[in-house]
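Written out below as C-alpha cells is the structure these notes cover.
Worth knowing before you read on, the calculation uses all heavy atoms, side chains too, and leaves out hydrogens, waters and symmetry mates. Note that the numbering runs from 1 along the sequence shown for the chain. Both counts, for ligands and for their atoms, begin at 1 and track the order of listing.
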Amino acid sequence: MTSTEDSEILKTLFQYQNGFLISKIMFTAAELGVFDLLRESEEPLTAEAIAEGLGTSHIGMQRLLEACVGLKLLRMEMRDNKGFYGNTALADLYLAKSSPKSQYSDMKFDSELYYPSFQYLADAVRSEEGIQLYFGALKNSWILYCREMISEFDLSQFHHICDLGGGSGIFAEEHILSYPNSSVTIFDLPEVVEKAKKNFVALEESQISFQGGDFFKDSVPEADLYILSRILHLWDDEKCMQLLTKLYKACKPGGGVLVIEPVLDEERVKYFGAHFASIKLLVHTDGKTRTPSEHKALLTAAGFKEIQAKHGSVYGALLGRK
Ligand SMILES: C[S@@+](CC[C@H](N)C(=O)[O-])C[C@H]1O[C@@H](n2cnc3c(N)ncnc32)[C@H](O)[C@@H]1O
C-alpha cells in the first residue's frame, strides 16, 4: 500500500468514525437557532452576541460555532482580533428555519426520532442474541411467579392446552410439571418458535409441540384451554376483542381461556408491578394494563362465561369458560 492510499484510508476511517458527531453538530446548531439568527441579522456576529441572542453559555456556543466552521456550515472572519460568524450558502438555504427551502423539520424528525433509536442498531442486527436475552428476561420472572399462577385454578379438567404467544415455553413446561397428563402446544411467531424448540430437547415430544403462526391472522390449534399469558396488555381493546372472539369460536363447549397479566386493582392504587408495566407500555405499544372488571368486560363481550378472577403476589389470572 502506498502512503497516499494509506492516508486516503485513514481519512475515510476518520470520517466514518466521527460521522455521528457531524450530524449531531448540525442538528444542534439548527435546533438552537444559530442559522436563523445569522440569517436575520444580515451581518456577521461574534460568538458572544450569538450566545446572548440565543440564551446559551458563551463557551459552549464558541465551541459549537468553531465546529460548524470546520464543517463549512458557517464561515468566520477575524476583525480586531475577534471572530465574526456568518452562514455559508448551505446553512442559509437549507438549515435556517425561515428559508423557503429549509430542511429543518426533516432534520428535527431524524434528530429526535431516529438518532436515539440508532443506539439499538447493534441489538436489532444481533437478533439471535436479542431473542435469547428476551427469553431470558421472560424466564427470569416466571421462575418466581409461574407456579403460583398455574395453581390459582384447578386446571385438571383441561387435557390439551394451547399457550398462545408461549415464547420460550417456560409456562408450558411448568404446566406439564403440575399436570403430568396434559399436553401443550406452544403457538408463537415462526422465528420465536424456531428458537424455543431448541430449549425443549429434554421434554417428551408427545407432551409438547410447537406451531408457528400469527394469532391475529392464522387459525389457532385445537385445544381444551387457551392460555394468554402476558399477551393482552400488549394490545388495545379492539385487538384484544379480535383475539378473544377468535378463541371463543375455536373453543369447544366446556373449554376455556386463561388470561395471566399484570392486573391492576379496581381502585388502580395497588400493585406497582402493573403500574410499571403500564408506563413501559406507554412508550412501546398500543397496550395497557387493565383492572379485573375491564378484563371481565372483554371476556364477556367475546362470549366467555363463569369468569373467575384471582390475584397473586404480582400477576393476576382470569379463567373464562365457553
Ligand atoms: C410478552 S411475551 C409473553 C410470552 C409468554 N407468554 C410469557 O408469559 O412469558 C409476548 C409473546 O407473544 C408473541 N407474539 C406477539 N405477537 C404475536 C402474534 N401476532 N402471533 C403469535 N405470537 C405473537 C411474542 O413473540 C412473545 O413471545
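- Below 4.0 Å from some heavy atom of Ser229 lie the following atoms of ligand 1, by number and element: 3 (C), 5 (C), 6 (N), 7 (C), 8 (O).
- Ring pair Tyr271/His311 is parallel by interplanar angle, where below 30° counts as parallel and above 60° as perpendicular.
- The protein heavy atom nearest to atom 2 (S) of ligand 1 is Tyr134 OH, 3.0 Å.
- No more than 12 heavy atoms of other residues, nucleotides or ligands shown are found within 6.0 angstrom of CD on Glu222.
- Contact atoms of ligand 1 toward Gly167: 27 (O) (distance under 4.0 Å to a heavy atom of the residue).
- Heavy-atom neighbours of Lys72 NZ from other residues, nucleotides or ligands within 6.0 Å: at or below the threshold of 12.
- When the heavy-atom distances from atom 13 (C) of ligand 1 to Ile227, Leu228, Asp188 are ranked, the shortest goes to Asp188.
- At a heavy-atom distance under 4.0 Å, only side-chain atoms of Trp235, from C-beta outward, approach ligand 1.
- Between Lys296 and Glu294 there is no salt bridge, since none of the side-chain N atoms of the basic residue sits less than 4.0 Å from a carboxylate O of the acidic one.
- Against a heavy-atom cut-off of under 4.0 Å, Gly213 is close to the following atoms of ligand 1: 20 (N), 21 (C).
- Atom OG of Ser98 and atom OH of Tyr104 lie 12.0 Å apart (nearest 0.5 Å).
- The heavy atom nearest to atom 19 (N) of ligand 1, out of those in Ile231, Asp218, Val192, Asp214, is found in Asp214.
- Counted within 6.0 Å of CD on Glu266, heavy atoms from surrounding residues, nucleotides or ligands total more than 12; the atom is thus considered enclosed.
- When the options Ala196, Cys146, Gly165, Gly212 are ranked by their closest heavy atom to atom 6 (N) of ligand 1, first place goes to Gly165.
- Nearest to atom 21 (C) of ligand 1 by heavy-atom distance, out of Phe215, Tyr145, Phe216, is Phe215.
- Listed by number with element, the atoms of ligand 1 under 4.0 angstrom from any heavy atom of Arg230 are 1 (C), 3 (C), 7 (C), 8 (O), 9 (O).
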Dump the intermediate steps for ring-ring contact (aromatic ring centres under 6.0 Å, His included) on His175 and Phe171, then the final yes or no.
-> CA-CA 6 Å; His175 186 87; Phe171 207 90; 7.5 Å; no

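- A 4.5 Å side-chain heavy-atom check between Phe158 and Tyr179 finds every atom pair outside the cut-off.
- The single protein non-hydrogen atom nearest to atom 7 (C) of ligand 1 is Trp142 NE1, 3.3 Å, given as residue, atom name and distance.
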